[in-house]
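One structure below.
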Amino acid sequence: MQNENTEKLWLIYNNTKDNYAKGQLIEKYIPLIKHIVNRMNINLPPYLEYEDLISYGVFGLMQAIERYDIKKGIKFETYAYTRIKGSIIDELRKTDMIPQDIRKKIKMLQNAFSEMEQLLGHSANDDDISNYLGITKKDLYKIYQEISAAYGVLSFDELIEYEDASQASRQPDMQAEKEEVKEILGNAITQLPPQEKLVITLYYYEGLNFKEIAEVLELSQGRISQIHTKAILRLRGHLSRKKVSL
């Protein structure tokens with residue numbers, strides 16, 4: 001996305017804070033917002049449209065443009081990604097799109113995976129989790145579906161937040177912790193059940209969306225979303241067990 005014209009705009013804006021240059025930069029990075037929205041796999045309620053999500057992302061994009069320092073040498077897309085996504089999530093939460101009971105269920109399953117896998121010494125399956133929670137597998141699958149439908153933004157990206165480079169440079173301990181978190185998650189991914197590991201790999205490392213993964217694995221898109229949700233809950237549980245040692 002970065003070209004000679006874009007670099008000139010960045011130089012102008014960094015030096016002058018010119019509003020016209022800022023407007024041009026916003027236009028150039030709209031495709032980045034669309035890319036982020038498409039990968040968030042959000043099931044929109046009737047009162048929201050795709051363009052609403054784009055407008056939410058623009059808030060984060062504007063903030064990123066205002067705070068970005070080209071002299072730091074960090075790629076803007078990397079700097080802006082979490083800010084744009086965070087802006088979208090914040091606005092969605094304001095609309096009560098993600099109910100409190102769904103967040104409680106996420107926490108409940110995250111803890112269930114953490115405690116059962118610590119007890120078993122290996123990946124917990126659906127029988128293990130349903131027995132631990134005292135519910136039927138049918139009810140467990142219903143919870144997975146509820147989380148997938150209401151919280152399509154639940155993602156691996158949120159497990160590791162990018163820090164402002166200037167803040168990270170002032171807080172080397174924080175940066176070291178984030179590197180350790182990355183290592184922990186990397187190891188945890190290798191221990192995922194095969195199907196979950198494959199979905200995580202195709203989505204985050206190969207850049208496929210849920211529809212494309214569904215075609216590759218010959219499963220429904222809803223099933224891929226459910227597998228992804230389960231993998232993220234398992235990774236969150238793994239990370240929560242390790243946090244005490246960070």
Side-chain angles (χ1 to χ4, degrees), residues 1-42 53-93 152-190 200-209 228 232 235-236 239 242-243 246:
M1 191 177 294
Q2 196 91 336
N3 54 40
E4 186 176 345
N5 185 44
T6 305
E7 290 177 1
K8 287 181 179 177
L9 283 172
W10 274 119
L11 287 171
I12 292 171
Y13 184 71
N14 264 217
N15 291 328
T16 67
K17 299 301 179 184
D18 179 76
N19 284 331
Y20 177 78
K22 181 180 180 180
Q24 292 293 299
L25 287 169
I26 291 172
E27 285 187 25
K28 285 187 175 293
Y29 289 105
I30 290 295
L32 175 61
I33 299 176
K34 292 180 177 179
H35 170 74
I36 293 170
V37 168
N38 290 337
R39 286 183 59 79
M40 288 174 74
N41 194 49
I42 300 169
L53 301 183
I54 301 301
S55 66
Y56 296 161
V58 169
F59 298 146
L61 175 61
M62 292 174 63
Q63 183 184 69
I65 289 172
E66 290 167 1
R67 297 181 179 181
Y68 179 64
D69 186 349
I70 195 172
K71 297 174 185 176
K72 299 289 184 181
I74 300 171
K75 190 175 180 182
F76 178 73
E77 289 86 344
T78 301
Y79 179 85
Y81 191 97
T82 301
R83 287 160 180 78
I84 293 171
K85 187 171 183 178
S87 176
I88 295 169
I89 293 171
D90 286 345
E91 292 300 320
L92 287 175
R93 285 173 176 160
V153 293
L154 181 68
S155 76
F156 179 73
D157 301 320
E158 294 169 36
L159 299 179
I160 305 173
E161 297 178 357
Y162 289 102
E163 286 294 315
D164 183 300
S166 61
Q167 182 182 19
S169 65
R170 292 195 302 269
Q171 300 182 25
D173 290 342
M174 180 183 293
Q175 188 63 25
E177 176 180 312
K178 288 184 179 295
E179 291 303 317
E180 191 165 355
V181 167
K182 290 180 183 179
E183 183 177 351
I184 290 169
L185 287 173
N187 291 334
I189 289 170
T190 66
I200 291 294
T201 300
L202 292 175
Y203 186 71
Y204 292 102
Y205 296 98
E206 299 299 328
L208 274 64
N209 59 36
H228 172 267
I232 295 301
L235 290 171
R236 284 180 171 227
L239 184 59
K242 296 291 185 179
K243 271 189 174 180
L246 289 179

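No hydrogens, no waters, no symmetry mates; every other heavy atom, side chains included, goes into these values.
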Between [X] and [Y], what is the shortest heavy-atom contact and its length?
X	Y	answer
L32	A80	CD2-CB, 4.3 Å
A21	I12	CB-CG2, 4.0 Å
L25	Y13	CD1-CB, 4.0 Å

Identify, with sequence neighbours excluded, every residue that meets salt bridge (Lys or Arg N to Asp or Glu O under 4.0 Å) alongside E66.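 Listed in chain order: K22.
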Show the numbers, then the answer: is there a side-chain contact (heavy atoms from CB on, under 4.5 Å) between L92 and L53? CA-CA 8 Å; L92 287 175; L53 301 183; 3.7 Å; yes
Between atom [atom1] of [X] and atom [atom2] of [Y], what is the distance when rounded to the nearest 0.5 Å?
X	Y	atom1	atom2	answer
K28	T6	NZ	OG1	4.0 Å
I200	T190	CD1	OG1	12.5 Å
Y81	H35	OH	NE2	5.0 Å
L208	T201	CG	OG1	11.0 Å
I84	E77	CD1	CD	9.0 Å
L61	R83	CG	CZ	11.5 Å

What do the steps show when you test I89 against M40 for side-chain contact (heavy atoms from CB on, under 4.5 Å), and what is the final call? CA-CA 10 Å; I89 293 171; M40 288 174 74; 3.8 Å; yes
Parallel, tilted or perpendicular, judged at 30° and 60°: which one describes the rings of Y79 and Y68?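 The rings of Y79 and Y68 sit tilted, inter-plane angle from 30° to 60°.
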Plane angle bin for F76 and Y29 - parallel if under 30°, tilted between 30 and 60°, otherwise perpendicular: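 The rings of Y29 and F76 sit tilted, inter-plane angle from 30° to 60°.
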I65 versus W10: any side-chain heavy-atom pair under 4.5 Å?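 Yes - at least one pair of side-chain heavy atoms lies under 4.5 Å apart.
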Donor-acceptor pair, side chain of S87 and main chain of Y56, under 3.5 angstrom: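 Yes; at least one donor-acceptor contact below 3.5 Å.
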Please name all residues satisfying side chain to side chain contact (heavy atoms under 4.5 Å, CB included) with A188, sequence neighbours left out, ordered by chain then number.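 Applying side chain to side chain contact (heavy atoms under 4.5 Å, CB included) to A188 gives L235, H238.
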Are N38 and N209 close enough, and set up right, to give a side-chain contact (heavy atoms from CB on, under 4.5 Å), and what steps lead you there? CA-CA 8 Å; N38 290 337; N209 59 36; over 6 Å; no
Would you find more than 12 non-hydrogen atoms of other residues, nucleotides or ligands less than 6.0 Å from K17 atom NZ?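 Yes, NZ of K17 has more than 12 neighbouring heavy atoms, counting only those of other groups under 6.0 Å.
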Please walk me through it: do F59 and Q63 pass side-chain contact (heavy atoms from CB on, under 4.5 Å)? CA-CA 6 Å; F59 298 146; Q63 183 184 69; over 6 Å; no
